Amino acid sequence: MVKRHLWLIALALGTMALVVILAGCGNNDGQDATPSPQPTPLPPPTVDPFAPTETPKPPPTPLPPTWTPPPTVTQPPRVTIDYTYSRPTATDLILPTYTFTAVPPSPTPPGPVLLLTPDALNQAVSSKLFEGSGGFFEAPPTITFQDGVLLASLNVLMIPGDMTSARAVVIRATVVPEQGRVQLTNVLANFTDTNEVYSDELVDNLSDTIQAEINTLVANLYEVNNPGGAAFFVSWVETSPIGISIQTVIVQ
């Protein structure tokens, strides 16, 4: 039994020795092969790594050194141009012709012609202004007529109640038909001695009184000349020294 173990050990050792010999033969065969080329070593650097570095230069400018900026261009003044717009001509619009047919007016019967005398008007005005005598004027005005003009003459007291302060004044007014009645217009008063304009509320009060009495007298005259007649209006008047001639028209 012991002998068998020894024999196995000897066999193992022999096998190992044979493996070592074969390995050595393999290395010799490798030495006979062509050796591979070795890389050529690089030469040492010629630049001194401790030498001072150069100062970096600025990049070159894209403009030449002699370049100068161009001068500033001044714009010329702008001229405002006035122009006139002309509308295109168009054909004139021609309206259809119309033949007018006159319609005969409806007959309006004229009323009576009235005559308002200066005496009748003076009497009516005096009765209205008599109580005011001695306050602002000496006496009621005296009314006369000229061509188209009514005149009212009186003495105005410059100091109320003082007769020694009286000055002569003439009130003038035109007589016209207006809005169907006799109307006093363009009323103006002047001092007779200097022809100076007399402007006072008294002039308006006197002319309003005369106007009211004219309207009343015209209505009374119409009633006398056309008793129970219909309404009327005044179509024209004519003033003369004998009075105011008044054309009436009956309203139907």
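Only heavy atoms go into these numbers, but all of them, side chains included; no hydrogens, no water, no symmetry mates. Just so it is clear, the structure is predicted and the values come from calculations on it, not from any experiment.
At a threshold of 4.5 Å between side-chain heavy atoms, the hydrophobic network of Ile, Leu, Val, Met, Phe, Trp and Tyr places Leu115 and Ile210 in two separate groups. Val187 and Val176 are members of different hydrophobic clusters when ILVMFWY side chains are connected at heavy-atom separations under 4.5 Å. Under the 4.5 Å side-chain heavy-atom criterion for ILVMFWY residues, no single connected hydrophobic cluster contains both Val113 and Val249. A single hydrophobic cluster is seen to contain both Met158 and Leu202, as judged by linkage of ILVMFWY side chains at heavy-atom distances under 4.5 Å, directly or through other members. In this structure, Leu157 is not a member of the same hydrophobic cluster as Leu129, with clusters built from ILVMFWY side-chain heavy atoms closer than 4.5 Å.
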Item to check | Candidate pair Leu114 and Val234, rule side chain to side chain contact (heavy atoms under 4.5 Å, CB included), full reasoning | outcome: CA-CA 10 Å; Leu114 310 178; Val234 176; over 6 Å; no
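In this structure, Gln247 contributes its side chain and Ser235 its backbone to no donor-acceptor pair below 3.5 Å. Asn225 contributes a side-chain N or O that, together with a main-chain N or O of Leu221, makes up a donor-acceptor pair within less than 3.5 Å.
Here the OG1 atom belonging to Thr216 is positioned 10.0 Å from the CD atom belonging to Gln211, to the nearest 0.5 angstrom. Here Ile214 contributes atom CD1 and Leu184 contributes atom CG; the two are 4.5 Å apart, rounded to the nearest 0.5 Å. The structure places OG of Ser153 at 8.0 Å from CZ of Arg172, a figure rounded to the nearest 0.5 Å.
Between Asn226 and Ile250 the shortest side-chain heavy-atom distance falls below 4.5 Å. Under the 4.5 Å side-chain criterion, counting only non-hydrogen atoms from C-beta, Asn190 is not in contact with Val170. No side-chain heavy atom of Leu217 sits under 4.5 Å from any side-chain heavy atom of Gln123. Residues Thr192 and Tyr198 are not in side-chain contact: their nearest non-hydrogen atoms beyond the backbone lie 4.5 Å or more apart. Between Leu154 and Ile171, the closest side-chain pair of non-hydrogen atoms falls below 4.5 Å.
In this model, a donor atom of one side chain and an acceptor atom of the other lie less than 3.5 Å apart for Gln183 and Arg181.
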Contacts under 3.5 angstrom, residues 133-151 side chains, donor-acceptor by atom type, not counting sequence neighbours:
{"unit_1": "Ser133", "atom_1": "OG", "unit_2": "Phe130", "atom_2": "O", "d": "3.1"}
{"unit_1": "Glu138", "atom_1": "OE1", "unit_2": "Asn155", "atom_2": "ND2", "d": "2.8"}

